[in-house]
Amino acid sequence: YELLITYMHKNHNNGFLSLSIHQLRKLGFITGTGSQKKLLEIADLANNADTSKYEVSGNYIHFYLEDEQEEDYGELA
């Protein structure tokens, strides 16, 4: 989830980014078939570790940048 947080902060568009289970799997954030339960787990972990907001809707996780002051998230490993 930490790499997901970095990815979302580096790739959002005007403070918003939405990724499907399929996209998360292709990017390596989810292994196997993935499920809404897995999305909810990832969103919960990200919400606890980041000041921005992560929500799940259907097969998508949505990122909302809370602070316009973007931190330096460094390079994605």
TODO: Report yes if some heavy atom in the side chain of Phe16 is under 4.5 Å from a heavy atom in the side chain of Tyr64; otherwise report no.
DONE: yes
Open item on the list: Restricting to non-hydrogen atoms, name the atom on Ala49 and the atom on Tyr1 that form the minimum distance, rounded to 0.1 Å.
Closed with: CB-CE1, 3.7 Å
Open item on the list: Let me confirm one number: the CD1-CG distance from Ile5 to Asn47, rounded to the nearest 0.5 Å.
Closed with: 8.5 Å
TODO: Report the distance from atom CG of Asp50 to atom CD of Glu66, rounding to the nearest 0.5 Å.
DONE: 9.0 Å
Task: Separation of Ile30 CD1 from Gln23 CD (nearest 0.5 Å) - done: 11.0 Å
Open item on the list: Do Ile42 and Val56 have side chains that approach each other closer than 4.5 Å (heavy atoms only, starting at C-beta)?
Closed with: no
TODO: Could you label the plane-to-plane angle of the His12 and His9 rings as parallel, tilted or perpendicular, counting under 30° as parallel and over 60° as perpendicular?
DONE: perpendicular
- [ ] State whether the side chain of Asn11 and the backbone N or O of Tyr7 hold a donor-acceptor pair below 3.5 Å, judged by distance alone.
- [x] yes
Open item on the list: Determine whether a donor-acceptor pair (N or O, by modelled atom type, separation under 3.5 Å) exists between the side chain of Asn59 and the backbone of Ser20.
Closed with: no
- [ ] Check whether any side-chain heavy atom of Ile61 lies under 4.5 Å from a side-chain heavy atom of Phe29, and answer yes or no.
- [x] no
- [ ] Answer yes or no: is there a side-chain heavy-atom contact under 4.5 Å between Leu4 and Leu24?
- [x] yes
Task: Backbone N/O of Asp44 and side chain of Asn48: donor-acceptor pair under 3.5 Å - done: yes
Open item on the list: Can you tell me how far apart OG (Ser18) and NE2 (His62) are? Round to the nearest 0.5 Å.
Closed with: 4.0 Å
Open item on the list: Using 0.5 Å steps for rounding, measure from the CG atom of Leu17 to the OH atom of Tyr54.
Closed with: 9.5 Å
Open item on the list: Please determine whether residues Tyr60 and Leu65 belong to a single hydrophobic cluster, defined as Ile, Leu, Val, Met, Phe, Trp and Tyr linked transitively by side-chain heavy-atom distances below 4.5 Å.
Closed with: no
Open item on the list: Are Met8 and Leu19 packed together at the side-chain level, in the sense that at least one heavy-atom pair is separated by less than 4.5 angstrom?
Closed with: yes
- [ ] Rounded to the nearest 0.5 Å, what's the gap from CD on Gln36 to CG on Leu39? Could you check?
- [x] 7.0 Å
